[in-house]
There are 2 protein chains.
Amino acid sequence: MRMAELSAEAGVPVPTIKYYLREGLLPQGVRTSATQAHYGDSHIRRLRVIRALVDAGVSVAGARKVLATLDEPPDEVADLLGAAHAAVAPQGEDEIPLDDARRLAERLGFRPGGCETERIADVARALDALDRAGFVIPPDVMTAYLEGVKTIATAEIAGVPVDTPEEAVRYVVLGTALAEPLLLALRRMAEQIAAAERFPSGT
Amino acid sequence: MRMAELSAEAGVPVPTIKYYLREGLLPQGVRTSATQAHYGDSHIRRLRVIRALVDAGVSVAGARKVLATLDEPPDEVADLLGAAHAAVAPQGEDEIPLDDARRLAERLGFRPGGCETERIADVARALDALDRAGFVIPPDVMTAYLEGVKTIATAEIAGVPVDTPEEAVRYVVLGTALAEPLLLALRRMAEQIAAAERFPSGT
DNA sequence: TAATTTAGATAGTGGAACTATCTAATGATC
DNA sequence: GATCATTAGATAGTTCCACTATCTAAATTA
């Protein structure tokens, strides 16, 4: 298939496809001459994934990392997850206290070596931001956060398909990035439902 | 306090403060003459909240909505939550099928009137994005998502302080926006911990 | 009086994600 | 085989966003 058809199939403008090619998000097609190349179904699928990532709020640079991990996955699941997380998590350089975050990690069942420091730092940064805004999360709510994410994460990891490595990689890498908007949307929906129960329409 | 001091106290550059004033995120100070105004502690606190929102990934336009809700909150909790959600949720115009999202809402305990359609549409959009990427969430994992967000949302709503309306408003509005990065970071951490248990360092 | 500070207006910057144009070479069609 | 459309690759331009800088006239402070 040629560029025009790829564009039509995937619903992505030609200049944008060229941009993704330049940025290394989409592999080159098979060259048939100096000014022609042709593309296959894998390109269509890849384009759909790119759009999904970008729509999910992942930057083009982040999407490149995610896709690079998909293409050349590390062998160990922990490393795979680490790469997926590194591509998606916001990064900051500044030093922040990790103690509170570490305590939360322990409450989640953390054991030394069971989780990279960078993820603890993520949590620490989020806590720090809350703190700087003067916002305090009630202890009971924090406990529920831990319980909720534990439920979620345990099921996600239990759901990693072990039949073929490709499936596992796809599941872990894309699941990390693409499920985020869904989880946030589900939380908002659940909040409204819970609010309707507690405050039945009258304050 | 004058502009320079406000800037120093809040750690925000003067031009940025002026920008926030222009954009209506920060209320004007009390004018003492044609070229002077002075600011109070409320301005410092407000600036910290603005920075926290922006750091949390909320756009300046979104932050303006969040702050407007803080300043003039609706009376009903449901409306308050709705306004906070509307300010934070990604918005899309296109028509998408709501059926799957509605089914999830029902599994969360939805009852007609218990949740605005816009939140269901959010979920629907997230599901659609997953779908377009060809990514399928295993049923067990989706069940865990529902259970997890239900745990989280129930505790959050139960934690709404009812002593003073101001507290309730602050809790609902800021909690909606500021807890998002924390939840995502906690999920990533929990995933790594769960992965370390299931795949103990050797695929 | 002189130096500093400020409000308000206007304009400029840098990054991100596209989008457009151009050229030379191909491929498809008449 | 002439003509017209298409393409790769290069380069440049656009739009939006969140700032950041400059300027002026007035006011404050030293």
Side-chain angles (χ1 to χ4, degrees), chain A residues 1-40 43 46-67 87-88 90-93 129 177, chain B residues 1-40 43 46-67 87-88 90-92 177:
Chain A
M1 149 182 32
R2 303 197 307 179
M3 180 61 90
E5 195 179 347
L6 176 61
S7 168
E9 286 294 322
V12 177
V14 171
T16 305
I17 295 178
K18 287 185 168 193
Y19 168 67
Y20 292 152
L21 283 167
R22 282 200 300 281
E23 291 293 317
L25 303 194
L26 189 65
Q28 301 290 334
V30 179
R31 293 298 295 273
T32 61
S33 81
T35 60
Q36 302 279 291
H38 70 260
Y39 308 90
H43 287 89
R46 174 67 77 116
L47 274 173
R48 292 201 220 279
V49 171
I50 294 170
R51 288 325 273 250
L53 287 170
V54 169
D55 289 353
V58 180
S59 66
V60 166
R64 180 172 35 231
K65 287 189 210 165
V66 170
L67 296 167
V88 165
Q91 55 234 7
E93 359 276 67
Chain B
M1 149 183 27
R2 303 197 307 178
M3 180 61 89
E5 195 179 346
L6 176 61
S7 168
E9 286 294 321
V12 177
V14 171
T16 304
I17 295 177
K18 286 185 168 193
Y19 168 66
Y20 291 152
L21 283 168
R22 282 200 300 281
E23 292 294 316
L25 303 195
L26 189 66
Q28 301 289 336
V30 179
R31 294 296 297 272
T32 60
S33 81
T35 60
Q36 303 279 293
H38 70 260
Y39 308 90
H43 287 88
R46 174 68 77 120
L47 274 173
R48 292 201 221 279
V49 171
I50 294 170
R51 288 325 272 251
L53 286 170
V54 170
D55 288 353
V58 180
S59 67
V60 166
R64 179 172 35 229
K65 287 190 210 166
V66 169
L67 296 167
V88 165
Q91 56 234 6

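Keep in mind that this is a model prediction, so the values were computed, not measured.
Rounding to the nearest 0.5 angstrom, the gap separating the NE2 atom in A:H38 from the CZ atom in A:R2 is 11.5 Å. Atom-to-atom distance recorded for A:L67:CG and A:L53:CG is 6.0 Å, nearest 0.5 angstrom. Rounding to the nearest 0.5 Å places NE2 of A:H43 at 7.0 Å from CG of A:L21. In this structure, the separation between CD1 on A:I50 and CG on A:D55 is 11.5 Å, given to the nearest 0.5 Å. In this structure, OG1 in B:T16 is found 6.0 Å from CZ in B:R51, a value given to the nearest 0.5 Å. To the nearest 0.5 Å, atoms CZ (A:R48) and CD (A:E9) are separated by 7.5 Å.
Here B:R64 pairs with B:E23 under the salt bridge (Lys or Arg N to Asp or Glu O under 4.0 Å) rule; sequence neighbours left out. By the ring pair (Phe, Tyr, Trp, His ring centres under 6.0 Å) test, A:Y20 is found to be paired with no residue, residues two or more places apart in sequence or in another chain being considered. Evaluation of the side chain to side chain donor-acceptor pair (under 3.5 Å) rule for B:R31 yields no partner, not counting sequence neighbours.
Shown for residues 2-19 of chain B: residues whose heavy atoms fall under 4.0 angstrom of DNA chain C, namely B:R2, B:M3, B:A4, B:K18. Heavy-atom distances under 4.0 Å link DNA chain D to no residue of residues 52-67 of chain A.
Among the atoms of the strands shown, only primed sugar atoms or phosphate atoms (P, OP1, OP2) are found under 4.0 Å from some heavy atom of A:R31.
Distance, B:E23 CD to D:dA18 P: 9 Å, rounded to whole Å. In this structure, B:L21 atom CG and D:dC19 atom P are separated by 14 Å, rounded to whole Å.
Reading DNA chain C from its 5' end, the first and the last nucleotide to sit under 4.0 Å from a heavy atom of chain A are C:dA17 to C:dG27.
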Self-check item: Verdict with supporting geometry, A:V60 and A:Y19, side chain to side chain contact (heavy atoms under 4.5 Å, CB included)
Solution: CA-CA 10 Å; A:V60 166; A:Y19 168 67; 4.1 Å; yes

